[in-house]
> 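Here you go, one structure.
Convention: sequence-line order gives letters A, B, ...; per-chain numbering from 1.
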2 protein chains.
Amino acid sequence: MTRRKRPTMIDVAEHAGVALRTVSRVVNNDPTVGTVFANRVQAAITALGYTPDERARHLRGGRSGLVGAAVRNLSAGHPVLGALDTTARAHGLTVLATATADEEDREREVVLSMCGRHLDGIVLEPVGDSHQYLSREIDAGTPIVAFDRPAGGITVDTVISDNAAGIGTAFRHLRGHGHRRVAYIGDEERIFTGHERAAAFRACMAASGEPVTGLVHPGVVAPARIAAALDAALRGPDPATAVITGNASTTLEVLRHLGSAAADLAIVGFDDFAVADLLRPAITVVAQDSDTIGRTAIDLLRHRIADHTRPVQTVTVSVELIVRGSGERPPHSGA
Amino acid sequence: MTRRKRPTMIDVAEHAGVALRTVSRVVNNDPTVGTVFANRVQAAITALGYTPDERARHLRGGRSGLVGAAVRNLSAGHPVLGALDTTARAHGLTVLATATADEEDREREVVLSMCGRHLDGIVLEPVGDSHQYLSREIDAGTPIVAFDRPAGGITVDTVISDNAAGIGTAFRHLRGHGHRRVAYIGDEERIFTGHERAAAFRACMAASGEPVTGLVHPGVVAPARIAAALDAALRGPDPATAVITGNASTTLEVLRHLGSAAADLAIVGFDDFAVADLLRPAITVVAQDSDTIGRTAIDLLRHRIADHTRPVQTVTVSVELIVRGSGERPPHSGA
DNA sequence: GTGAAAGCGCTAACAT
DNA sequence: ATGTTAGCGCTTTCAC
């Protein structure tokens, strides 16, 4: 394996017997090059196996065609990421995704690294509540879009789901099926969506005149915590007959903990998941519109790239109730 | 929004009243800078809000700390990607993931783009069977590792699961539970894993003296195709009493198509999936060891980065049978 | 239509 | 311990 040095534009120029500038023109499809020279250069390029160095090209100026996506998790599957990728591709952009691992420090690290690399723009699923470290980059003109939750302390284009409407829909659905005692189990309230959904739930209960004592359980998504929350909600003289889960992992944990007892409870989950239709009963969910979220994020980014001075905007994407069975069961007479 | 020009090292040097080189030293934590100057430079850096330009830094030489990951799909969730990311981080590397969308052209495009950007290395989940377009890059010294399937036409470090052993395990498991007529439904054979698994299945049947007529169904993962395959396997005078599915999506499609009839069939799926334990019956699977695959891929990459001349190796990672119920049912007396 | 020269922002030899 | 001088590989004024 002869570790050949990678040929540069100069090598190509020499090989073709032309000036450096001419090679550059050919590489960039400049129409002002004569056919003769163009062919000669092309021949040299293929002969030497030349590939342009994107770093240098980009350093000198111009766009890289790259947008960074800093998302919480890469392994669990991320429908929005797929939509980001598809939309970006449609506009000649390539998405480079990296994980923030739900850690603020890590987010800072990877996002600043992306800024330092001067990508065309960055799509961010914010972690934590302060993103002031980005204010300088924003001033310097780096286009940034937040999705799923707002970035704190900075003003950037944002795409979020209509969490309150989703909870409202789930709640009214269960009420419509006769449930009076509805419990909510979801994410920690320090997480934006966790707070929004819990708050919306409390508002729904208040509006319907129900006391919420023992029914609202935000917290970490961990088997023990969720088991405890569920037990609390189903215990006592006036137990819950239905539960709204605040995200997909919570839905799954609730189902795991309930086991066959799941048949006694009406369940509506926030967030759709791959096999919700295969479970028995199939799970009724409030589904986020990941395609629209991803598409909108890229669109906002593209518009900001084109015009740094346009007003910052926040887009709220509506959610949809998908009826599958688990949310349509009548209240079960306890014991 | 005053679109300030981004300050450069020269600006910092002027502001601090020192030479460019001194700023560079401070930025790179060179211990040979005097405390007085170091502080002065630091002050200038924060005052101006200077951030180094990674492109230029990288262009001049040295590592970028970036490894590219070209995977089939970003949205569906990719356990290996998580492991890649975790392992990479542990070694101070950042993974930039991008989707090939299962298209050869797209793969070529993104991988060559990564090469052009001179990342420290590339982890690739190959699509299609010719990857010769990479031979030049490999000669030039770009470290590349393939996982899940081998890259065709080039010799690179590779990590794959022991597909044949997995099928063998699944097959013997079903035989052990009394099944004689076992069907296989999986991916197209033009896909490496599809071919390996189908071939292993045929070998198993042959070794056990069973005819395979009507029992082996490789093909695209589409509802209609899978429904047809299933019907074919369960029809006739001597129908299958058990089925091995070649990948997770196929398993799900089979379950969807069977509906409640799934109770009459023993099922072992290749690939574990998120809620296999929540289905009734819970699904017995042959699980790939994604953590080991991801970790090994990064390790191979790191070793190759450190030594371009080391012999190329292929690592086979073993798979594991996870018994959950669907694979332990006895043959159902047809009709 | 083509070529010479300057410089993008940084690091690495060499002084000093 | 700090400053000077070259470039990395490319694009881009400007002349020819």
> Under 3.5 Å, which donor-acceptor pairs do the side chains of residues 7-21 of chain B form with other protein atoms, sequence neighbours left out?
| from | atom 1 | to | atom 2 | distance (Å) |
| --- | --- | --- | --- | --- |
| B:T8 | OG1 | B:I10 | N | 2.9 |
| B:D11 | OD2 | B:T8 | N | 2.8 |
| B:R21 | NH1 | B:S24 | OG | 3.4 |

> For the pair made of CZ in B:R117 and C1' in D:dC10, what is the distance, rounded to whole Å?
14 Å
> Provide, to the nearest angstrom, the distance between the CZ atom belonging to A:R55 and the C1' atom belonging to D:dC10.
11 Å
> Please check if the side chain of A:H131 supplies one atom and the backbone of A:I154 the other of a donor-acceptor pair under 3.5 Å.
no
> Would you be so kind as to tabulate the donor-acceptor pairs closer than 3.5 Å made by side chains of residues 62-77 of chain A, with sequence neighbours excluded?
| from | atom 1 | to | atom 2 | distance (Å) |
| --- | --- | --- | --- | --- |
| A:S64 | OG | A:L66 | N | 3.3 |
| A:S64 | OG | A:D120 | OD1 | 3.1 |
| A:R72 | NH1 | A:D102 | OD1 | 3.3 |
| A:R72 | NH1 | A:D102 | OD2 | 3.3 |
| A:N73 | OD1 | A:S75 | N | 2.7 |
| A:N73 | OD1 | A:S75 | OG | 3.1 |
| A:N73 | OD1 | A:A76 | N | 2.8 |

> Please enumerate all residues that pass side-chain hydrogen bond (donor to acceptor under 3.5 Å, both in side chains) together with A:R106, with sequence neighbours excluded.
A:E109
> Rounded off to whole Å, could you give me the CZ-to-P distance for the B:R57 and D:dG9 pair?
18 Å
> Sequence neighbours left out, what passes side-chain hydrogen bond (donor to acceptor under 3.5 Å, both in side chains) with B:E104? Give chain and number order.
none
> Give the angle between the helix axes at the two ends of the helix from C:dG1-D:dC16 to C:dT16-D:dA1, taking five base pairs at each end and rounding to 10°.
40°
> Rounding to a whole Å, what distance do you find between A:H58:NE2 and D:dC8:C1'?
16 Å
> Mind checking which nucleotides bracket the chain B contacts on DNA chain C, 5' to 3', with an atom under 4.0 Å from a heavy atom?
C:dG9 to C:dA13
> Considering residues at least two apart in sequence or located in another chain, which fulfil the side chain to side chain contact (heavy atoms under 4.5 Å, CB included) criterion with A:D291?
A:A83, A:D289
> Scan residues 34-43 of chain B for pairs that pass side-chain hydrogen bond (donor to acceptor under 3.5 Å, both in side chains), counting only residues two or more places apart or in two chains.
none
> Could you tell me which residues satisfy side-chain hydrogen bond (donor to acceptor under 3.5 Å, both in side chains) with B:R25, sequence neighbours excluded, listed by chain and number?
none
> To the nearest angstrom, how far is A:L59 atom CG from D:dC8 atom P?
14 Å
> Taking only residues two or more places apart in sequence, or in another chain, which ones meet B:T94 in a side-chain hydrogen bond (donor to acceptor under 3.5 Å, both in side chains)?
none
> Got a donor-acceptor contact below 3.5 angstrom from the B:D30 side chain to the B:T32 backbone?
yes
> Report the residues that fulfil side chain to side chain contact (heavy atoms under 4.5 Å, CB included) with B:E196, sequence neighbours left out, ordered by chain and then residue number.
B:N163, B:F192
> Report each atom pair, protein N/O against N/O of nucleotides 2-5 of chain D, whose distance is under 3.5 angstrom.
| from | atom 1 | to | atom 2 | distance (Å) |
| --- | --- | --- | --- | --- |
| D:dT2 | OP2 | B:G34 | N | 2.2 |
| D:dT2 | O4 | B:R25 | NH2 | 3.4 |
| D:dG3 | OP2 | B:A19 | N | 2.8 |
| D:dG3 | OP2 | B:T22 | OG1 | 2.6 |
| D:dG3 | O6 | B:R25 | NH2 | 3.3 |

